[in-house]
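Worksheet for the structure shown next.
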Amino acid sequence: MKWKRFLAMAGVVLILSMYVIAIISAFSHNPEARSWLMAAIFSSVVVPVFLYAAQLVARVIRQNKDEPGTAGKNKEL
């Protein structure tokens, strides 16, 4: 359960840092401020999706390690 918390905190830090950079560049009249804002908005969508996908992959890998001999096989009911 700790790895989920770590991934969530890493995602929050990444997204917040993108917004902080966008705000700082906007107040300093940087010509790339719009690009930083677009990157922050993009990362607000992509980072959580990527972290969710990483959690799904980790769950599948862990499930296959728990059950030897079932890697790549579908369970029939």
Side-chain angles (χ1 to χ4, degrees):
M1 196 57 79
K2 284 191 174 197
W3 61 275
K4 286 183 181 180
R5 185 173 294 163
F6 174 75
L7 283 177
M9 289 304 294
V12 167
V13 168
L14 181 64
I15 291 171
L16 286 177
S17 64
M18 291 294 291
Y19 277 108
V20 167
I21 291 171
I23 290 171
I24 289 172
S25 64
F27 282 128
S28 65
H29 301 291
N30 191 344
E32 296 180 357
R34 183 180 172 125
S35 298
W36 280 106
L37 179 62
M38 288 298 145
I41 293 171
F42 178 77
S43 67
S44 295
V45 175
V46 172
V47 170
V49 170
F50 177 74
L51 293 176
Y52 181 73
Q55 288 178 357
L56 286 178
V57 169
R59 186 182 315 156
V60 168
I61 290 172
R62 184 176 302 131
Q63 188 176 35
N64 285 341
K65 284 184 179 179
D66 291 342
E67 301 172 5
T70 60
K73 296 181 182 177
N74 293 334
K75 293 182 182 180
E76 295 183 22
L77 298 175

#### Entry: For Y19, side chain to side chain donor-acceptor pair (under 3.5 Å) partners two or more places apart
S44
### Query
Just wondering, more than 12 heavy atoms not from E32 lying within 6.0 Å of its CD?
no
### Task
For S43 and P48, work out which heavy atoms get closest and say how close.
O-CD, 3.6 Å
### Query
Linking I/L/V/M/F/W/Y whenever any side-chain heavy atoms sit under 4.5 Å apart, do I41 and V47 land together?
yes
### Query
Can you tell me how far CD of Q63 sits from CZ of R59, rounded to the nearest 0.5 angstrom?
8.5 Å
### Task
List for me each residue that meets side-chain contact (heavy atoms from CB on, under 4.5 Å) alongside I21, sequence neighbours excluded, and say none if there are none.
W36
### Query
If you take all heavy atoms of S25 and A33, which pair is closest and at what distance?
OG-CA, 3.5 Å
### Summary
Nearest heavy-atom approach of L51 to G11 is CD1-CA, 3.6 Å
### Spacing of I23 atom CD1 and L37 atom CG [to the nearest 0.5 Å]
9.0 Å
### Query
Quick one: side-chain contact (heavy atoms from CB on, under 4.5 Å) partners of S35, sequence neighbours excluded?
none
